[in-house]
Amino acid sequence: MIVADKKPVEEIIGYVRDCKKVLVLSCNECVTVCEAGGKKEAGMLASALRMYFANQGIADAQVDERTLERQCDQEYLEEIRDIADQYDAIVSVACGVGVQFTAEKYHSIPVFPGVNTCFMGVTEHRGLWTERCQGCGQCILAYTGGICPVARCAKRLFNGPCGGSSNGKCEINKDLDCAWQLIIDRLIAIDRLDLYEKLFDIKDWSTDRAGGPRKVEREDVQI
Amino acid sequence: MRLTYPTSFRIVRVPCSGTVDVKHILRALEKGADGVCVIGCMEGECQYKTGNLRARKRVEQVQRLLNAIGVDGERAQMYNLSSSDGPLFAKYAEDMDERIRKLGPNPMKHKTKPAA
Ligand code: SF4
Ligand code: SF4
C-alpha cells in the first residue's frame with residue numbers, strides 16, 4: 001500500500017484559514033490502513049477545523065467530511081460532482097495521487113494535501129510502516145530472494161553487501177537491517193545461493209523515475 | 001456509601017475506556033462540553049489488556065490537537081481507578097470540575113456549525 005503520515009493540523013489550518021466552506025475528503029483504501037487519511041482521521045481533522053473556526057469567532061465557517069472508496073479512480077471521484085462546487089476548498093487526506101486526481105477533476109476548486117505521502121510499504125505492526133518498493137519498473141525480486149535492494153539497500157547496490165554491513169545491520173543506522181544480509185539469508189533459506197554468484201546485466205534504469213513521469217498503457221484492456 | 005460529586009458531571013457509560021475514540025472526545029467538546037474526562041481501570045488491570053492504555057494515548061492525542069488549534073488541551077483528561085473505589089471517583093470528579101472552572105467555559109460553545 002501507499003503509506004502516508006498525518007500533517008500537523010497547524011499546517012492544514014494555514015491552507016484553509018480564509019475559507020468559509022471546506023470539505024475534508026478521505027479515502028477508504030491505503031491511507032485508511034495506515035491510519036493517516038481514512039474516515040476516522042477525516043472526522044478528527046474536520047472536528048478540529050470546526051473547533052478552530054469557532055474558537056476564532058468565525059461562526060459561519062462550515063467544515064464537512066466525505067469518504068470516497070478511492071480518490072485515484074474517476075468513478076469514485078465523480079460521487080462529489082454535485083456538491084464540490086459549494087466548497088471554497090477541499091482538503092484531501094488521500095495520498096498525493098488522490099490529492100492530484102481530485103485537483104485534476106475539480107479544476108476550479110483549491111485542493112490541499114492533508115497528509116504527507118511517504119512510500120510504498122507494509123504494516124509491520126500497528127503504528128509501524130516500512131518501505132518495500134520504489135516502483136523501479138523492472139522488478140528483479142526473482143533474483144534477490146524476494147528482497148528488494150532498490151528500496152531496502154541505502155545505496156541501492158546490486159552487488160552488496162558493502163563494507164559498511166556489520167552484524168546484519170546497515171552502516172547508516174544500526175537499527176536498519178542490511179538488505180544484502182537479508183537477501184543472502186533468504187537465498188540460503190530457499191537453497192538458491194547460486195543466484196548470488198550469477199552476474200546480471202546492467203539494470204535498465206530508464207523505467208525508473210530517471211526517464212521522467214511514467215505511464216503504463218495496456219491496449220489489451222482498452223476498449 | 002453516600003458520596004457527593006459535582007453536579008456538573010454527565011456520565012456516559014462505556015464497556016471499556018478503550019472504546020472511547022479521539023472523535024468522541026472531540027465531538028463532545030465541539031458540541032459544547034467544557035471538558036471531557038475518560039476514566040478507565042487501573043493500568044495493568046484492563047479486562048481487554050490494553051483498553052485503558054489506548055484511552056490514555058487518545059486523550060493525549062486530543063490534548064495535542066486542542067493545543068494546536070488554540071484551545072486549552074487540559075479540557076481533556078484521563079484518570080484511572082478501580083471500579084470499587086467510589087471515594088477516588090468523587091475526588092477525580094472534583095479535581096476535573098475545579099480544573100475546568102479555572103479554565104472557564106468552553107470557548108466554542110454554541111459557535112460550531114453542525115456538519116452537513
Ligand atoms: S487515492 Fe491513494 S490512498 Fe486512496 S486508494 Fe488511491 S492510491 Fe490508495
Ligand atoms: S525491484 Fe523495483 S519493482 Fe521490484 S520491489 Fe524493488 S523497486 Fe519495486
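Note that the structure is predicted; figures quoted are calculated from it, not measured. Chain naming here is simple, since letters A, B, ... match the order of the sequence lines and numbering starts at 1 in each.
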Arg214(A) atom CZ, neighbour heavy-atom count above 12 within 6.0 Å: yes
Contact summary for Ala48(A) and Ile69(B), nearest pair of heavy atoms: O-CD1, 3.7 Å
Contact origin within Asn106(B) toward chain A - heavy atom pairs under 4.5 Å: neither
Under 4.5 Å from any heavy atom of chain A - which part of Leu29(B): both
Gln47(B), CD: over 12 other non-hydrogen atoms inside 6.0 angstrom: no
Distance in Å, Lys23(B) NZ paired with Glu65(A) CD, rounded so as to fall on 0.5 Å steps: 5.5 Å
Over 12 foreign heavy atoms within 6.0 Å of CG, Asn167(A): no
Nearest heavy-atom neighbours spanning Ser47(A) and Arg27(B): OG-N, 4.2 Å
Heavy-atom side-chain proximity of Leu66(B) to Met51(A) below 4.5 angstrom: yes
Leu65(B) CG to Met44(A) CE distance, which is reported to the nearest 0.5 Å: 6.5 Å
Distance (rounded to the nearest 0.5 Å) between Asp72(B) CG and Asn55(A) CG: 10.5 Å
Residue Lys21(A) versus chain B: region with a heavy atom under 4.5 Å: neither
Atom NZ of Lys169(A): over 12 foreign heavy atoms under 6.0 Å: yes
Contact list for residues 111-137 of chain A, test ring pair (Phe, Tyr, Trp, His ring centres under 6.0 Å), sequence neighbours left out: Tyr15(A)-Phe112(A)
